[in-house]
Number of protein chains: 2
Amino acid sequence: MANGQENSGDSGNTPDTSGVPVTVRTLADLARLAGVSTGTVSRALAGKALVNTETRERIQALAREHGFRPNQMASKLRSKRTGVVGIVIPLGHEKRQHISDPFFLTLLGWLADELTESGYDVMLSRALPDGTSDWLERVTGSGMVDGVLLIGQSDQFEVIEAVARHYRPLVAWGAYSEGQTHCAVGTDNIEGGRIAAEHLIASGARKLAFMGEIKGIEIDERWRGASAAAAKAGIPIVHIPISLASEEMGAQIAEAAKSADFTIDGIVAASDLIAMNVLHCLHEKGRAVPGDVQVIGFDDLPLASLTMPPLTTIRQEIGSGAKAMVERLRERLEGAPAGSLKMPPRLVVRETTKAV
Amino acid sequence: MANGQENSGDSGNTPDTSGVPVTVRTLADLARLAGVSTGTVSRALAGKALVNTETRERIQALAREHGFRPNQMASKLRSKRTGVVGIVIPLGHEKRQHISDPFFLTLLGWLADELTESGYDVMLSRALPDGTSDWLERVTGSGMVDGVLLIGQSDQFEVIEAVARHYRPLVAWGAYSEGQTHCAVGTDNIEGGRIAAEHLIASGARKLAFMGEIKGIEIDERWRGASAAAAKAGIPIVHIPISLASEEMGAQIAEAAKSADFTIDGIVAASDLIAMNVLHCLHEKGRAVPGDVQVIGFDDLPLASLTMPPLTTIRQEIGSGAKAMVERLRERLEGAPAGSLKMPPRLVVRETTKAV
DNA sequence: CCGCCAATTACAATCGTTTGAAAGTTTAAG
DNA sequence: CTTAAACTTTCAAACGATTGTAATTGGCGG
C-alpha cells in the first residue's frame, strides 16, 4: 500500500459515503471509490480474467450503481480500435442533395442492422463530391472509423479506386469489373438489363425505351445490358434520361411523356421507383398496362408488389447483399483479402408485362 | 532552440528528404518535417490567427502534400467536443428487428442531411430495448456524441423521460403532452386521427375500422383521435392491430380481411404503408375503392400519390420536422431551453375517398 | 543602447483510457 | 522452511491531439 490513495480506514471517517452524491465520471473516480487502481478498474469493467472475480464483481456493481460508463473517445484513442464503421453515400451525380432513393435507404437499414449485430457502431456520412476528391479520404483518414462501407459508386469510380489502393477495409455496393481494385458487392446489372429487355421482347414488345439517368455506373450497365439485348433481337430502344431523385422524377417523366413516341410498347425502368412513376403517368395518359405498354422495373422493393397492376421487375437481393458486404468488411479488417461479389439478378414476373 | 528536435542543418545531411516516402501520421511527424512544434502545427491546421501567415500556409501545404489528417479521436478527447450527433431508432414494440418503416427511413435521411449541413457527423444506433432500459444511456453516456436525436418514441416513453431529466441535448420525433420533460417534435396525432375519421364520415362512411398496432404512443394517439371523432358522430369504429413492420404487414392484413366484417365502409390506416397494403388487399378481394370502401392513410409519403387510386391521406411535414429537430438540438447544445413543437396535420384529399 | 510591446513559437500539462512490466501475495511443491 | 509458480494489483508509459503559459525574437520609441 504505497501512497495514501486507498481508502484505508474507509468507513471510519465519513459515516456513509452513499449520502454524498459523488459524480463518478472517470475511471479514476471509480477507482478511488473502490479503493483500487485505475488499471484494475479498467480490466474489471472489460471483464478480463486478470482481476479477482470478487473484485471484478464489486467494481462492476459500483459502476452500475453510479451509472458509470467509460469515455469512448479515450478508450478508442488508446486502443486504436474504434468499433465504428463508416457508411457513406456518394451523391456525385445528383445535384439535389437529399438522400431519398428508397433502395439505398433500405440497404442502409440492412447494413445498419448487420453491423449492430456484429457489435459495430455506425457513422453515417452523406458525401457530395463537389469538385474535391477527398470526400472519401476525409472519412477513411479521420481515425474515426475502422472501415468504410460505400452505398453506391455514383460517378466516383476513380476516386474510390484511388483510395482502395492504399486503404483495405473498404467495401462498396455497386458494380465490379475485371481489374477493379476496390471490393464491390452488387448485382450483375448488365445481365439484369439484358433479362429485362429480353423479357419485354419475349412478351411481344417491339419498340423499347430505357428510362433513367446513366451517369452512375450501375444504371449505365443496366442500359448497356438492355440495349445489347435489343440490338441482338433487332428491336429499337431509346434512352430517356430521368433523374433518380424522386422529387424531380415525376415532373421529368411527365415531360418526357408529352413529347413521347406513342409507338413505344415496352419500358425498361432503371429502378422500381421510376417504374412506379411511369405507371402512374401512363394511367393518367389513359394508356393500358400491359395492354398498350409493358413495363418492367429494377430492384423489387417491397412496394413493387403493391402497385396497380403489380410490377414485373428484376430483383436485387438486398438483404443478403448487405450481409455479404459486412462479411467482406470484417474479413478485410482481419487482414484477409476478401474479393468482390456479383450476384445474379432474378426476373420476378407480375402483371405489368404480358404472359407469353 | 532547446533540445535537438528541430531539423537544424536540415538539408545538409540528407540530400533530399522527398526521396524518402516518410509516412506522416501524427502532428509530431508533421512538426518534425516542418521544423516547428506540434502546438504550432495544431494551430496552423486549425487556421488560427496566432501563427504567422507564412508558416501556416507552409504547414497546410505540407499536410496536404502528405495527405495528413489529424486523428479525430485524440482531437475530440482533448477538446471535449465530438461534433457528432447520435440518431437512435428505438424498436421497442417491434420484435422484428429490421428498420424498414419508410417514414422513419425518410426522416433519417432528412436528419442526416440537416446535420451534415450544420457540420455534424452522424452516429446511427438502432436500439432494441430488450428488457434493459439503458439502451439510451448507452448512447448519451458514451462520450461519443454531443447530443442525441430520437426517431420515434416507441413504447419507451418513461425511459426517455428519465434520461431527459438529466441529459439536455436530446430531441425526439414523436408525441408531446402536458408536463412532458423531453423535447419532442411531431405532428398533432390526435388531431390527425380526428381529421381522418371526420373526413371519412363526412364523405359517407358509416362503419369504420382503424388499422394499426397501438403500442407506440403516436399511433395510439391517432387511434384516440379517430375513435373520439367516431364516437362524437355516433359511428361505430373497430381497432384492428396490424404490425408496422412491412414484412408481416401484408399477411396480417390478408388475415384480418378473411374474418373481416364486410359492412365496414371506411378505413383509417395508421400509416401510408398500411394503407397501401390495404388498397392492394381490397383490390384482390374485388372491393371497389372508394366505391365500396373508403381509405385514408397517414404520413403523405412521396409514394402516396402514386397508388391506384391515389391515396387520400394526412400529411406530416417531415422535412420541416427534421429541420425543427436539428434546430432545437443546436439550441440545447448552446444551453438554450428549446421547447417542444406540435405541428398541425393536413388533410390531403386524393381519390381513395369520395368527393363530398 | 535599453526597455517594452507585439508577434510568434516552444513547452508542457491535460483529456480518460488501456496495457506491458514490475511488484506483491498466496498457494503449492520440494 | 525455501523457492517457484500462479494470481492479483499497482505503476507508469503510451494514444495523438489541444491549449494556457512561458520564452524568444524583432521592431520601435526614447
Side-chain angles (χ1 to χ4, degrees), chain A residues 1-8 23-59 63 66 68-84 141-146, chain B residues 1-8 23-59 63 66 68-84 141-146:
Chain A
M1 296 171 190
N3 46 15
Q5 192 139 284
E6 79 289 7
N7 61 347
S8 53
T23 158
V24 180
R25 224 177 29 79
T26 70
L27 272 193
D29 292 343
L30 196 58
R32 207 169 307 121
L33 224 60
V36 296
S37 73
T38 64
T40 303
V41 175
S42 173
R43 290 188 243 256
L45 293 181
K48 300 234 169 117
L50 257 69
V51 318
N52 184 298
T53 312
E54 190 208 334
T55 317
R56 189 191 327 146
E57 277 163 7
R58 187 162 54 85
I59 293 178
H66 288 80
F68 171 75
R69 227 171 287 278
N71 182 302
Q72 296 292 93
M73 288 304 170
S75 162
K76 286 160 197 240
L77 169 59
R78 174 56 225 246
S79 61
K80 298 191 140 196
R81 212 193 139 275
T82 70
V84 178
S142 69
M144 280 286 283
V145 299
D146 287 343
Chain B
M1 297 173 189
N3 45 14
Q5 191 138 290
E6 79 287 8
N7 61 349
S8 53
T23 157
V24 179
R25 225 176 28 77
T26 70
L27 272 193
D29 291 344
L30 195 58
R32 207 170 309 121
L33 223 62
V36 296
S37 73
T38 64
T40 302
V41 174
S42 173
R43 290 189 243 258
L45 293 181
K48 299 234 170 116
L50 256 70
V51 316
N52 185 300
T53 313
E54 190 208 335
T55 316
R56 187 188 332 142
E57 278 164 5
R58 186 163 53 87
I59 293 179
H66 288 79
F68 171 75
R69 229 170 288 276
N71 181 302
Q72 296 293 94
M73 288 303 170
S75 162
K76 285 163 199 237
L77 170 59
R78 173 59 222 246
S79 60
K80 302 193 138 194
R81 218 196 131 272
T82 71
V84 178
S142 69
M144 280 287 285
V145 299
D146 288 343

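Letters A, B, ... are given to chains in the order of the sequence lines, protein chains preceding strands, and every chain is numbered from 1.
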task: State whether B/Ser75 places a side-chain N or O below 4.0 Å from either non-bridging phosphate oxygen (OP1 or OP2) of D/dT18.
output: yes
field: Which nucleotide in C/dT17, D/dT10, C/dC15 has an atom nearest any side-chain atom of B/Leu77
entry: C/dC15
message: If you compare every side-chain N and O of B/Thr40 against the phosphate oxygens of C/dT9 (OP1, OP2), does one of them come in below 4.0 Å?
response: no
query: Considering only side-chain heavy atoms of A/Thr38, which listed nucleotide, D/dT8, D/dG16, C/dT18, is closest?
result: C/dT18
task: Mind grabbing the angle between the end helix axes of the helix from C/dC1-D/dG30 to C/dG30-D/dC1? Five pairs an end, 10° rounding.
output: 60°
statement: Contacts of A/Asn71 meeting side-chain hydrogen bond (donor to acceptor under 3.5 Å, both in side chains) (sequence neighbours excluded), chain-then-number -> none
message: Looking at every heavy atom in both B/Thr82 and B/Met144, which two are closest together, and how far apart are they?
response: OG1-O, 3.4 Å
- request: Specify the separation, in whole Å, of atom CE of B/Met73 and atom P of C/dT18.
  value: 13 Å
task: Take atom CZ of B/Arg32 and atom P of C/dC11, then tell me their distance rounded to the nearest Å.
output: 14 Å
task: For D/dG16, take OP1 and OP2 only and decide whether either is under 4.0 Å from a side-chain N or O of A/Lys80.
output: yes
- prompt: Can you check the B/Arg58 CZ to C/dT8 C1' distance for me, whole Å?
  reply: 12 Å
message: Quick check on C/dT18: is either OP1 or OP2 less than 4.0 Å from any side-chain nitrogen or oxygen of A/Ser79?
response: no
Atom of B/Thr23, atom of B/Asp29 and distance for their closest heavy-atom approach: O-OD2, 3.6 Å
- prompt: Any side-chain N or O of A/Asn71 less than 4.0 Å from the OP1 or OP2 oxygen of C/dT17?
  reply: no
task: Could you give me the CA-CA distance, side-chain angles and deciding distance for B/Val36 and B/Val51, then say whether side-chain contact (heavy atoms from CB on, under 4.5 Å) is met?
output: CA-CA 11 Å; B/Val36 296; B/Val51 316; over 6 Å; no
query: For the pair made of CG in B/Leu30 and P in D/dA17, what is the distance, rounded to whole Å?
result: 9 Å
query: Where the side chain of A/Thr55 is concerned, which of C/dT17, C/dT9, D/dT9 is the nearest nucleotide?
result: D/dT9
Approximate separation, where rounding is to 0.5 Å, of A/Arg58 CZ and A/Arg56 CZ: 12.5 Å
- prompt: Within less than 4.0 Å of OP1 or OP2 of D/dT18, is there a side-chain N or O belonging to B/Ser42?
  reply: yes
- request: Choose from D/dT9, D/dA17, C/dT8 the nucleotide whose nearest atom is closest to any side-chain atom of B/Phe68.
  value: D/dA17
- request: Starting from P on D/dT8, measure out to CZ on A/Arg56 and report it in whole angstrom.
  value: 9 Å
field: Whole-Å distance separating the CD1 atom of B/Ile59 from the C1' atom of C/dT9
entry: 10 Å
Residues forming a side chain to side chain contact (heavy atoms under 4.5 Å, CB included) with B/Ser75, sequence neighbours excluded: B/Ser79
query: Which whole-number value in Å describes the distance from A/Arg78 CZ to C/dT19 P?
result: 6 Å
Tabulate atom names and distances for all N/O pairs under 3.5 angstrom spanning the protein and nucleotides 20-23 of chain D.
from, atom 1, to, atom 2, distance (Å)
D/dG20, O6, B/Arg43, NH2, 2.5

field: Residue pair B/Leu45 / B/Phe68: nearest heavy atoms and the distance that separates them
entry: CD1-CE2, 3.6 Å
task: May I ask you to verify if any side-chain N or O of A/Lys76 is less than 4.0 angstrom from the OP1 or OP2 atom of D/dG16?
output: no
- line: A/Leu27 atom CG is separated from C/dC15 atom C1', nearest whole Å, by 13 Å
statement: Closest non-hydrogen atoms of B/Asp146 and B/Gly83, given as atom of the first, atom of the second and distance, are OD2-N, 2.9 Å
task: Please round to the nearest 0.5 Å and tell me the distance separating atom NE2 of B/His66 and atom CG of B/Leu33.
output: 5.0 Å
Summary of side chain to side chain donor-acceptor pair (under 3.5 Å) pairs that have at least one residue in residues 34-52 of chain B, sequence neighbours excluded: B/Ser37-B/Thr40
task: Check every atom of D/dG16, C/dA10, C/dG16 against the side chain of B/Thr26 and return the nucleotide holding the closest atom.
output: D/dG16
statement: Side-chain atoms of B/Val51 come closest, of C/dA10, C/dT9, D/dT9, to C/dT9
- prompt: Hey, which of these two, A/Arg25 or A/Lys48, hits DNA chain C nearer its 5' end, going by closest nucleotide?
  reply: A/Arg25
